[in-house]
Structures are given as C-alpha cells and as structure tokens.
There are 2 protein chains.
Amino acid sequence: MVDESTKNRILQAAGPIFADVGYEHATVREICGAADVNVASIKYYFGDKKNLYLETVRQARNMRAERYPFPQMAAETSAEEKLYDFVSALLRRLTALQAAPWQVKLLMRELMDPTDACRMLVKDYFQPMFDSLLGVVDQLVEGPLEPDKRLKAGFSIIGQCLHYRYGNEVVNLMVPPEHRAAFEVEQIADHITRFCLSGLRGYAADSTKEIRQDRGPAAEHPSEP
Amino acid sequence: MVDESTKNRILQAAGPIFADVGYEHATVREICGAADVNVASIKYYFGDKKNLYLETVRQARNMRAERYPFPQMAAETSAEEKLYDFVSALLRRLTALQAAPWQVKLLMRELMDPTDACRMLVKDYFQPMFDSLLGVVDQLVEGPLEPDKRLKAGFSIIGQCLHYRYGNEVVNLMVPPEHRAAFEVEQIADHITRFCLSGLRGYAADSTKEIRQDRGPAAEHPSEP
DNA sequence: CTAGTCCTTAAACGCTTGTTTAATAGACTG
DNA sequence: CAGTCTATTAAACAAGCGTTTAAGGACTAG
C-alpha cells in the first residue's frame with residue numbers, strides 16, 4: 001500500500017530529521033542511514049541536499065493541506081466562541097509542538113526562519129488561517145475596520161499566541177514555579193481571548209483620543225552608538 | 001586609549017560576527033581574520049570556540065547594562081503614556097535591529113534561541129524590563145491583579161511587539177504594498193498601545209463571564225495522526 | 001650572556017561535511 | 001544472446017571545520 005520506493009523512503013526519512021534539527025544540522029548521511037539507502041541516492045533522485053529539502057517541505061505542505069482544509073466553524077457559533085476556538089487551537093498546535101507531527105514542525109521552522117523560495121508556501125499555508133481569523137475580527141467590531149487596522153488587530157492576536165512558542169524559554173524563566181499551574185493552554189487561551197475581546201471592543205471607540213501629551217520627541221532612548 | 005591587546009581584538013571581532021551569523025555559522029578563521037590574529041590565539045586565550053562565545057556574550061551584556069540602566073520614567077508621566085513609551089521603545093529596538101549594534105543583536109539571538117548557561121543572563125537582562133512593564137500594568141488596572149494574570153497581561157503586551165520581529169517575514173508577506181505605509185513604528189506602537197489599554201480596562205471587569213457555551217470538548221481539531 | 005616566560009606563528013591533524021566517481025547487478029528489449 | 005537502460009553500491013574526493021603542534025621571536029630577570 002505505502003510507497004516503498006527508494007525515493008519515497010528518502011523523503012519519509014528526511015522529513016522528521018529536517019523538522020527536528022533544521023536544514024543546517026541535518027546531514028545527508030544521517031538521512032540516508034535512516035532511510036537505509038546509499039548516500040549517492042540523493043544525487044541520483046534529488047540532485048543535491050538543498051533540493052531534497054525543498055521537496056520535503058513541499059511534501060509536508062501538501063500532507064497538511066489535505067489533512068486540514070482549515071476548520072470550518074459552524075455559522076451559528078458566536079464570534080466570541082470562534083475567537084476562543086481559534087486561539088486555543090493555535091496555542092495547542094504551538095505548545096504541543098514537541099509531540100507534533102514532523103510536517104507541522106517543519107512548516108513552523110519555515111515560518112520562524114524562512115529559507116529561500118519556501119516563503120511562498122509559507123504564505124499559502126498560513127494566509128488562509130489568518131484570513132479566517134480576520135473574518136472573526138470583522139464580526140467582533142461594529143462597523144468596518146480600516147484595512148491596516150484590521151491587519152494589526154490580527155497580528156495582535158496571533159502575536160500573543162506565538163509568543164508562547166517563540167519566547168517559550170523566557171516565559172518559563174519568568175513564571176515562578178508556584179504559578180506554573182496557571183499557564184496551561186486552556187487558561188492562556190482564556191486570557192488571550194478575554195484580552196483581545198475587550199481590546200477589540202474599545203479599539204474603534206477611542207481611536208481619536210491622544211495617548212501622548214505633546215512633550216516633543218522625548219522619552220526616546222539615547223541614540224545608539 | 002582603547003584596549004589593543006590581542007585578546008581584546010579577538011573579542012571585538014567576534015562580537016559582530018557571532019551577532020550576524022550566529023554561533024554555528026561563525027568560524028574561528030573568519031573571526032581571527034577580522035581580528036588579524038592567528039587561529040591558535042583562540043586556544044591560547046579562550047581555550048576553545050565555545051568559551052570565546054561565552055565571553056563574547058558576557059561582554060555584550062555588560063556593555064549594554066552600563067549603557068542602559070533601563071530608562072526611568074518621570075513619576076508624573078501618565079501610565080498610558082508610559083505604556084506607549086515602553087511599547088514604542090521596544091518596537092524600535094526590535095525592528096531597527098538591522099542597524100542595531102551587535103551587542104543587541106547578540107542578546108536577541110540568545111533570547112530567541114538560548115544556548116546553554118547563557119539563559120541566566122538572558123534572564124537578568126530582560127527581567128528588569130519586564131518588571132518595569134508590569135509596574136505600568138499595575139497602574140492601568142484598578143485594584144491588584146492576581147499574579148498569574150499580571151504575568152499574562154505582560155506577555156500579551158510584549159508578545160504583540162515581538163511578533164513584529166519574530167514574524168517579520170510573514171508580516172511582510174501578508175501586508176499588501178499599498179498598506180505598507182501604515183506599518184511604521186509609531187503607528188504600530190499606537191495600535192498596540194490602544195489595543196492593550198482597552199484590553200486591560202475591560203480585562204478585570206468581565207472576568208466572570210463565560211466565553212464558551214457548554215457544548216462539550218468539540219471544536220477541537222481532529223487529533224493529529 | 002643566559003634562562004625563562006610570554007606571545008605569536010605556519011603548518012598540520014583529524015574529523016565531518018556535501019558531492020562525485022566508477023563499478024556492478026538486474027531487468028527489460030530487439 | 002547481446003545490448004541498453006535503470007538502480008544501487010563502496011569508495012574516494014575536495015573543502016571546510018575546530019583544534020593542536022612545535023618552533024621561534026621578543027622581552028625580562030638573574
């Protein structure tokens with residue numbers, strides 16, 4: 001049933017390895033060892049390592065795309081609930097990344113540190129998610145939002161989520177052990193959702209108010225050396 | 001005046017290189033070339049490459065620490081204004097990172113991808129910033145916040161800022177060119193500040209309201225393969 | 001002057017990397 | 001059967017890496 005061809009065995013072996021250690025740290029010898037294949041096969045089937053990586057990313061994208069045509073939310077679900085679902089699903093994917101399938105790991109790697117032409121597919125993998133999020137945002141504010149504000153609101157939401165992945169190390173250092181229990185996915189999702197809901201509500205409202213009193217360009221840090 | 005000793009020349013040369021290309025991609029030969037010094041000097045003065053890196057990070061931290069005892073805000077400044085200043089300063093540091101001094105680049109690198117024992121100094125470099133932010137948060141909400149909520153609020157704020165660095169590539173891909181102009185530091189800072197202000201205001205208020213109606217553990221994505 | 005310490009040097013070592021070669025075996029074809 | 005194309009192999013290649021060696025120069029102290 002499964003494709004046991006040499007070429008495919010290489011791809012199957014390369015996926016998890018690239019996902020775990022990244023392009024640079026992955027060696028063709030390790031990949032070929034895992035695939036139980038001679039090193040020369042890479043030249044034979046893929047030309048070189050870079051090309052193998054590209055095909056691996058492509059494969060990961062396709063596998064995910066057919067597995068997840070991003071979750072359709074029922075129309076009757078409230079926008080608030082949709083937001084929570086989005087946030088919680090994203091958080092879950094990000095923080096459970098340790099145990100995530102290699103396809104997700106690999107795509108995340110590309111998201112954080114895009115290589116070459118792959119950013120094209122980063123785009124067509126993540127854009128749909130983002131658009132669906134923006135749809136929820138639209139429902140949450142009364143009246144249409146200017147396009148750039150719409151985008152910024154979206155970034156604010158996913159920024160808060162992604163921080164628990166990007167800044168994972170730092171978060172752990174800053175949360176004292178006795179409060180560690182309050183940082184489970186559900187509770188973080190709950191916080192972010194509330195924060196964003198009330199953030200969005202007040203958002204359009206006071207868009208006129210000035211934050212800073214006029215005191216010149218002060219409060220700037222001294223210029224860098 | 002300046003320390004022209006061989007050891008110091010190596011450190012001066014190593015800093016920008018590690019900052020630019022990271023530990024792995026930096027080669028001792030390149031560093032020694034830049035310092036105009038023999039490769040063996042690294043063994044002589046630092047033992048090995050890893051140790052040189054450690055001393056370089058240490059040096060960067062010290063230089064920044066004496067340059068920036070994190071900005072004291074005047075007591076009469078409003079909390080709203082303080083928040084804006086914080087956000088805008090952080091954004092500026094992050095997005096102007098292209099031209100940032102190597103010390104900042106290097107420390108950021110450690111923040112995003114901590115190596116070994118260095119996370120200790122990641123902590124004592126960033127914790128003070130974070131604490132000062134939490135102080136501002138305290139002023140912005142009426143009544144004391146539970147400790148974990150306080151932390152989460154802080155993470156929400158810096159998460160939104162950091163996203164413009166971490167997700168820089170993706171942001172650029174998702175912002176169409178005609179709205180690019182609306183993504184200058186001031187405007188992003190303005191957005192984030194407003195979003196957080198109204199987020200924080202409503203935050204404590206509706207902490208009782210349930211977001212999700214009870215419909216079981218649904219809306220979960222299908223389990224990963 | 002001599003001995004000893006500190007520093008610097010060119011060269012090589014040993015290892016790993018991606019890539020390539022050339023030989024081989026098998027399957028299919030005319 | 002001879003010939004050709006496909007697939008696979010062990011081995012070597014060339015380049016880069018961090019590290020080490022051993023020798024010698026420059027200087028100071030006895």
Side-chain angles (χ1 to χ4, degrees), chain A residues 1-60 102 106 109-110 113-118, chain B residues 1-60 102 106 109-110 113-118:
Chain A
M1 192 87 301
V2 289
D3 185 355
E4 277 294 349
S5 73
T6 300
K7 178 169 181 177
N8 197 57
R9 282 221 313 284
I10 296 177
L11 276 176
Q12 297 306 326
I17 293 178
F18 280 134
D20 277 338
V21 303
Y23 175 79
E24 305 280 358
H25 289 76
T27 71
V28 297
R29 280 176 174 81
E30 186 187 358
I31 292 171
C32 291
D36 196 31
V37 144
N38 191 277
V39 283
S41 304
I42 283 188
K43 178 187 164 73
Y44 188 79
Y45 286 106
F46 301 95
D48 59 7
K49 182 188 177 186
K50 192 153 214 136
N51 218 287
L52 166 62
Y53 177 72
L54 250 134
E55 286 219 33
T56 309
V57 175
R58 237 189 295 272
Q59 186 204 210
W102 65 264
L106 191 60
R109 213 174 256 284
E110 276 298 318
D113 184 24
T115 66
D116 287 4
C118 302
Chain B
M1 193 86 303
V2 291
D3 185 355
E4 278 294 350
S5 72
T6 301
K7 179 169 180 176
N8 197 56
R9 282 220 314 285
I10 296 177
L11 277 176
Q12 297 306 327
I17 293 177
F18 279 134
D20 277 338
V21 302
Y23 176 79
E24 305 281 357
H25 289 76
T27 71
V28 298
R29 280 176 175 81
E30 186 188 357
I31 292 171
C32 291
D36 195 32
V37 144
N38 191 277
V39 283
S41 304
I42 284 188
K43 179 186 164 70
Y44 187 80
Y45 285 106
F46 301 96
D48 59 8
K49 181 189 177 185
K50 190 152 214 136
N51 219 286
L52 166 62
Y53 177 72
L54 251 134
E55 286 219 32
T56 309
V57 175
R58 236 190 295 274
Q59 187 204 207
W102 65 264
L106 192 62
R109 212 173 256 285
E110 276 297 318
D113 184 24
T115 66
D116 287 5
C118 303

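Proteins get letters first, then strands, A, B, ... in listed order; numbering begins at 1 in each. Computed over heavy atoms, backbone and side chain alike; hydrogens, waters and symmetry mates excluded.
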Looking only at heavy atoms, the pair that brings A:F46 and A:N51 closest together is O-CB, 3.1 Å
- Please determine if A:K7 forms a cation-pi arrangement with A:Y44, meaning its NZ or CZ atom is less than 6.0 Å from the six-membered ring centre and no more than 45° off the ring axis. no
Would you sort out whether A:V57 and A:F18 count as a side chain to side chain contact (heavy atoms under 4.5 Å, CB included), showing the intermediate values? CA-CA 9 Å; A:V57 175; A:F18 280 134; over 6 Å; no
CD1 (A:I42) and OG1 (A:T6) are apart, to the nearest 0.5 Å, by 12.0 Å
Closest heavy-atom pair, B:T56 versus B:G15, reported as atoms and distance to 0.1 Å, is CG2-CA, 3.5 Å
Note: A:P16 and A:A13 closest approach over all heavy atoms is CD-O, 3.4 Å
Looking only at heavy atoms, the pair that brings B:V37 and B:R9 closest together is CG2-NH2, 3.3 Å
_Aromatic ring pairing B:Y53/B:Y23, orientation class (parallel under 30°, perpendicular over 60°, tilted between)_ = perpendicular
Rounding to 0.5 Å, atoms CD1 (A:I17) and CD (A:Q12) come to a distance of 12.0 Å
When rounded to whole Å, the OH to C1' distance for the pair A:Y53 and C:dG18 reads 17 Å
The side chain to side chain contact (heavy atoms under 4.5 Å, CB included) partners of B:A40 (sequence neighbours excluded) come to B:N38
In the 5' to 3' direction, the nucleotides of DNA chain D bounding the stretch that comes under 4.0 Å of a heavy atom in chain A are D:dT6 to D:dA12
Note: contacts of residues 20-34 of chain B with DNA chain D (heavy atom, under 4.0 Å) are B:A26, B:T27, B:V28, B:R29
Residues at least two apart in sequence or cross-chain that pass side-chain hydrogen bond (donor to acceptor under 3.5 Å, both in side chains) with A:D20, listed by chain then number, are A:K105
Numerically ordered, the residues 37-45 of chain A set in heavy-atom contact under 4.0 Å with DNA chain D is A:N38, A:V39, A:A40, A:Y44, A:Y45
Taking five pairs at each terminus, the helix from C:dC1-D:dG30 to C:dG30-D:dC1 shows an axis bend, to 10°, of 30°
When rounded to whole Å, the CG to C1' distance for the pair B:N8 and C:dC7 reads 16 Å
Rounded to whole Å, the NZ-C1' distance (A:K50 to C:dT17) equals 15 Å
Result for side-chain contact (heavy atoms from CB on, under 4.5 Å) between B:K49 and one of B:I31, B:V28, B:L54 points to B:V28
Interatomic distance, CG@B:N8 vs CD@B:Q59, rounded to 0.5 Å, equals 6.5 Å
